[in-house]
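Side chains are part of it too, since the values below use all heavy atoms of this structure and drop only hydrogens, waters and symmetry mates.
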Amino acid sequence: MEIIVLMKQVPATESFIEIAQDGRSIKTEDLNWVINPYDELALEEAIRIKETHGGSVTAVTIGQAMAQDAIRTAMAMGVDKGLLIDDPKALGADSLGTAKILAATLGTMEYDLILAGQRAVDDDSYVVGPAVAQYLDIPCITLVTKQTLSDGKIQCERTIDGGTEFVEAALPALLTTQRGLNEPRYTSLPGIMKAKKKKIDTQSLADLGIPSPAGAVSETIAMELPVTKRAGKILEGDTPEAKADLLVKALQDANFI
Amino acid sequence: MSPERDQIDFDVLFVGGGPANLAGAIHLMQLAAEKNLELEVALIEKGKKIGAHALSGAVFNPRALEELMPDYLDKGFPSEKKVRGDRLYYLTKNGYHALPWSPPAMHNEGFHTVSLARLTRWLADIAESLGVSIFPGFAGKEVLFAKDGKTVVGVRTGDKGLDREGKPKKKFEPGIDLMANVTIFGEGPRGSLVGEIDRKLGIFPKDMPQVFETAIKEVIQLPEDNFFSTSEFNDIHTMGYPLGINTPGGGFIYEMDQNRVALGFITGLSYEDPMLDTYDEFMKFKTHPLVAGIIKEGKVVEQGARTIASGGYYSLPELAVDGALFAGGCASIQDLPSLKGIHVSMKSGMLAAEAAIKATGEKDFTRESLDHYTELFKKSWVNGELYKGRNFAQALARKGLSKLIHLGAQTVTQGRGIFDPMAHHGEDHTAMNVLNGTHRAKAVDRITYDGELYVDKLTGVYLSKTLHREDQPCHLVIHDPAVCVTECYEKYGNPCVRFCPGNVYEMEMEAETGKPRLKLNPSNCLHCKTCEIKDPFQNILWTCPEGGDGPNYAVL
């Protein structure tokens, strides 16, 4: 069973996001970067399938040199091979462009199953996984919470509003993950030691023989942070009357009355 | 040792990814390369990444780094700003005096301000490029001893995936035994494993206690046009308000790159008032008109807290035992008069590395062999610097005029002063007075928390990016919880709720009985260790939570 996991490195959830000078991207310095949590579910599931059915798992990502850390972490979990597509043109692509590049790359590789996070928590676009399946012309089952493999087919469970849906497809197929699919393992220290010795394949689009994507068909024009809630104030008073007095005074101070 | 644990063998194991051990690891690889030695060297760090738990002022004295890497400035050394000039202020509640004279040790012109989180990350990249295997996210949980009960043979890392009761969950990952000929501990002040070794082997001096200070620090983003755009000085220290003349401590403000400022306040843990709140002292400093003026229109980017080992020369432990060496803050190595620890920590790590190389060459890892570190240390400039400040902390802990007389005498006598050695005040936990109704009001009267420049304690915890997996055994061991609600409540009014800068300790009143009850929020813990040090009943033991948990400092 040859399994490919599509993954992305994203800012850690505890990061404080600030909008960059251009108003349409975020400041990236001082951020901690991690594997997109939904992709972690995909990695864990892929490794479990490999552990049961044999085969190998390859993690594929688009990113800069620091994305090697994400691949190393995936390898420490149990992924066998890693491919980093490091090319400014690939980084500048929109979701469909990204999917095209990934589909073209996967087109030259062997696979029985492709796993991807339902979405990356940084751009929340939900597009890449299904679009890759579309471009590869293979079945796509999204938001999977459980899967079983038998006879060249995959049966999946999906949580839908008010119930569970059971979906089956022939391999090769692409799945996207939903919370509850599994609990990703800790990377073990021996696992990290082994991962440090593995080679990561880094390729540009030219190396892969993929034409640069034509200009993005969609474009981010602006980003805005949510309005921050101002801190509330608790008025302390011994009696309801005292509290009411304080409230009146506070409202007067704020020019409300 | 339980046999089911995986075991990995190394030549040298560094425990802790701070400046002492990173400089030590780099130097070890340099020496190994010179001698054509192939060494397996590992470094573990409890933070999620290197620097995640690193906090310091910091004005950086480059002396050790110049020795380690003379071309450090060409190698991307993460300087924030060059120090243009210093100022020392004496603060009164509403006013201030710029002191016309400051001790020579406090002159920093020409040094660089740094973020220790960034500095350690930079050092870690260099160490890794030299072949050190660095494992962030792995906590040393237990020291491994040989059958003789006194030779350190390695460290067991903490289990991951235990539930609250300590039972393995589905994704349980057992800790493993990292075995090494030489284990170098660089855990920082009040290291939990060094504490374990001390309880077993007694490495800290009996007659001179370990004493500490607690620092709370922020990095604040200022507008482009700010105080430092025009000021001739960018290295500011304060004394006086809010602690007054009796309790050691003070504030610092250093300019950083990109219109940021590092601001912190240090409270000596020899303080006596059980009502003192370390966070309130920090806020009083921060809202002082002088300080408020410097940071106006700013926004807090990050906050954190850490203790400083301020015992000094006479509190140094034995630096070597069979199989292990101690470097940096966990060995109380701190240059007190200059208010700096990074450079002396780095140098101590480098000297430990030299001893480890010699021991490896001779295949002798006994204490006698490893004591080469102690010899090198005694001959080094670190020892000289520490010796000059040998009575400094003791004098600072004196009250009123006596403090100034002792400090003055030490300045003119190269540290000897009036008594040498001068006695410490005793262990910090013994210093607290019993509540007697005369304690001062704790309120910070001029503070309005605006959530931007002035943030409350819990927002501060949020700004430290501290995360702990909730469903894990509580890492704070309260030996006798009954003491909290009886003796401690009555005598001291539960000072833990005030000395902890992370709001880990809370006292609640039970609705039915009206009796107090201790509520712990261990997931707020900043890993500063103040609680273990200052608790008057010594009822708290800080153990290491799951590896990778804790603060996630980026720029402190």
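- Within the 4.5 Å cutoff, no side-chain heavy atoms of A:T187 are placed close to those of B:E173.
- For B:L178, the part sitting under 4.5 Å from any heavy atom of chain A is the side chain, from C-beta outward, and nothing else.
- A:D253 CG: more than 12 foreign heavy atoms inside a 6.0 Å radius.
- Counting only heavy atoms from C-beta outward, the side chains of A:F16 and B:V301 never approach each other to under 4.5 Å.
- Within 6.0 Å of CD in A:Q203 there are more than 12 heavy atoms belonging to other residues, nucleotides or ligands.
- Taking a 6.0 Å sphere around NZ of B:K169, one finds it holds more than 12 heavy atoms contributed by other residues, nucleotides or ligands.
- Put simply, of B:I44, B:T157, B:L463, the one with the most heavy-atom pairs under 4.5 Å next to chain A is B:L463.
- More than 12 heavy atoms of other residues, nucleotides or ligands shown are found within 6.0 angstrom of NZ on A:K50.
- Here the two rings, on A:Y186 and B:F138, have centers that are 6.0 Å apart or farther.
- Shown here is B:E508, whose CD atom has more than 12 heavy atoms of other residues, nucleotides or ligands within 6.0 Å.
- Remark: A:K196 engages B:E128 in a salt bridge, criterion side-chain N to carboxylate O under 4.0 Å.
- A:I221 CD1: 12 or fewer foreign heavy atoms inside a 6.0 Å radius.
- How far NZ of B:K171 is from CD of A:E44: 8.5 Å, rounded to the nearest 0.5 Å.
- The number of heavy atoms from other shown groups lying within 6.0 Å of CG (A:D124) is above 12.
- Under the 3.5 Å distance criterion, with hydrogens and angles disregarded, a donor-acceptor pair is assigned to the side chains of A:N32 and B:K49.
- In this structure, the separation between CZ on B:R121 and CG on A:D30 is 8.0 Å, given to the nearest 0.5 Å.
- Looking at B:Q221, neither its backbone nor its side chain comes within 4.5 Å of chain A, counting heavy atoms on both sides.
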